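Structure first, then comments.
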Amino acid sequence: MATERKHLQLRELGKTGLKLSCVGFGASPLGNVFGRVSEEDAIASVREAFHLGINFFDTSPYYGGTLSEIVLGKALQALRVPRNEFIVSTKCGRYSDGFDFSAERVIRSIDESLGRLKLDYVDILQCHDIEFGSLDQIVNETIPALQKLKEAGKIRFIGITGLPLEVFTYVLDRVPPGSVDVILSYCHYSINDSTLEDLLPYLKSKGVGVISASPLAMGILTESGPPEWHPASSELKVQENVAAAVELATFGKDKEMLQDVEAILEPVKNQTWPSGIQQS
């Protein structure tokens, strides 16, 4: 007998109309990025995530040299549910052999990704780690190419990702309003670094949705510590993160504990991450 699917809190993503589960499934482990994951376990983890209420799955051709996309495609197909019940984001511009944000490459990239994912379209296509390319190329060549893909129905929304927060303002101040629907920021909205909060009013004024990735700061906030690479299994991370989200929604924050932890981290809070921004 089929068990009833659980429901996580859904949140609207900017002006896209998409409603994403408050916890998403980062599919880089399916590309063996953190150690080998069998295809059977990978498919089981996606099925378990979906059963727990996760409807957002994020991948990239860079993860595992396209393996993440391939395995995620098989796993989503194995769910045997209508396409509108899950939201898929993939990326372009970063590959196992380097970075290429040219219009020709990103247009070819989405066709390759759709084939691996076994999908007719992706909900979000994001320029991957734009600080390693030319930001002016992103503005003048890459984003216009993605807009053509949007018009062709191969993608629904356009995003950009990066570590330094200033890359987002650089691009968003130079593209026509509405050209970028989503940004993905990582390691800047967690207990040791909350600098993304300062940017939120600006992003809201631009009508841009925000996806916050790596809330555990690449492992710094875990008992195991940061990589060499990340030791936790993908199955364990799915269940613990969902449980934490449900507990937060039910009981709220433990303010006293939060204050104690913030006091411990105060000497290193909001330290600047190294970056490699190119603007021409």
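What you see below is based on every heavy atom in this structure, not just the backbone, and it leaves out hydrogens, waters and symmetry mates. A quick note: this is a predicted structure, and the numbers were derived from the prediction, not measured.
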Looking only at non-hydrogen atoms, find the nearest pair between [X] and [Y] and report the distance.
{"X": "G64", "Y": "V33", "result": "N-CG2, 3.9 Å"}
{"X": "L172", "Y": "Y202", "result": "CB-OH, 3.3 Å"}
{"X": "N55", "Y": "S21", "result": "OD1-N, 2.8 Å"}
{"X": "A27", "Y": "L72", "result": "CB-CD2, 4.2 Å"}
{"X": "E131", "Y": "G162", "result": "OE1-CA, 3.2 Å"}
{"X": "I124", "Y": "G159", "result": "CG2-N, 4.3 Å"}

What is the distance from atom [atom1] of [X] to atom [atom2] of [Y], rounded to the nearest 0.5 Å?
{"X": "T59", "Y": "K91", "atom1": "OG1", "atom2": "NZ", "answer": "6.5 Å"}
{"X": "L18", "Y": "L10", "atom1": "CG", "atom2": "CG", "answer": "11.0 Å"}
{"X": "D129", "Y": "F99", "atom1": "CG", "atom2": "CZ", "answer": "5.5 Å"}
{"X": "R105", "Y": "T142", "atom1": "CZ", "atom2": "OG1", "answer": "12.5 Å"}
{"X": "S109", "Y": "F101", "atom1": "OG", "atom2": "CZ", "answer": "10.5 Å"}
{"X": "S212", "Y": "E197", "atom1": "OG", "atom2": "CD", "answer": "10.0 Å"}

Check your understanding: After noting the C-alpha distance and the side-chain angles of K154 and D111, does the key distance pass the side chain to side chain contact (heavy atoms under 4.5 Å, CB included) rule?
Key -> CA-CA 8 Å; K154 294 183 179 182; D111 288 331; 2.8 Å; yes
**Study point:** side chain to side chain contact (heavy atoms under 4.5 Å, CB included) evaluation trace for L30 with F25
**Key:** CA-CA 11 Å; L30 305 190; F25 186 101; 4.1 Å; yes
Exercise for review: Go through the steps to decide whether V139 and L135 satisfy the test side chain to side chain contact (heavy atoms under 4.5 Å, CB included), and finish with yes or no.
Suggested key: CA-CA 6 Å; V139 169; L135 296 186; 5.6 Å; no
Check your understanding: Do R80 and E85 meet the salt-bridge criterion of a basic N to acidic O distance under 4.0 Å?
Key ->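 No, this pair does not count.
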Review point. Under 4.0 Å between a Lys/Arg side-chain N and an Asp/Glu carboxylate O for D41 and R36?
Key: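 Here D41 does not pair with R36 in a salt bridge, since their nearest N and O are not under 4.0 Å apart.
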**Study point:** Donor-acceptor side-chain pairing of D100 and S102 below 3.5 angstrom
**Key:**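 Indeed, the side chains of D100 and S102 share at least one donor-acceptor pair under 3.5 Å.
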Review point. Just by distance, with hydrogens left out, do Q126 and T161 show a side-chain donor and acceptor under 3.5 Å apart?
Key: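 There is no such pair (donor and acceptor under 3.5 Å, judged by atom type) between the side chains of Q126 and T161.
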Got a donor-acceptor contact below 3.5 angstrom from the [X] side chain to the [Y] backbone?
{"X": "D123", "Y": "S89", "value": "no"}
{"X": "S134", "Y": "Q137", "value": "yes"}
{"X": "S113", "Y": "I110", "value": "no"}
{"X": "S214", "Y": "Y186", "value": "no"}
{"X": "Y121", "Y": "L119", "value": "no"}

Review point. Of L149, I158, D181, which meets side-chain contact (heavy atoms from CB on, under 4.5 Å) against L125?
Key: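 The option that passes is L149.
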Exercise for review: Give me the one residue out of L146, V167, I130 that meets side-chain contact (heavy atoms from CB on, under 4.5 Å) with I138.
Suggested key: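 Only match with I138 under side-chain contact (heavy atoms from CB on, under 4.5 Å): I130.
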Do the non-hydrogen side-chain atoms of [X] and [Y] ever get within less than 4.5 Å of each other?
{"X": "L8", "Y": "F56", "value": "no"}
{"X": "L165", "Y": "D198", "value": "no"}
{"X": "K206", "Y": "D173", "value": "yes"}

Is the count of non-hydrogen atoms from other residues, nucleotides or ligands lying under 6.0 Å from [X] atom [atom1] greater than 12?
{"X": "K150", "atom1": "NZ", "value": "yes"}
{"X": "E40", "atom1": "CD", "value": "no"}
{"X": "D120", "atom1": "CG", "value": "no"}

Point to revise | Common cluster, I43/V81, ILVMFWY with side-chain heavy-atom separation under 4.5 Å | key: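 In one cluster: no.
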**Study point:** Joint cluster assignment, F86 & I70, ILVMFWY side-chain distance < 4.5 Å
**Key:**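 The answer is no; the residues belong to distinct hydrophobic clusters.
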Practice item. Begin from the C-alpha positions of L13 and F157 and carry the test side chain to side chain contact (heavy atoms under 4.5 Å, CB included) through to its verdict. Key: CA-CA 11 Å; L13 183 61; F157 301 104; over 6 Å; no
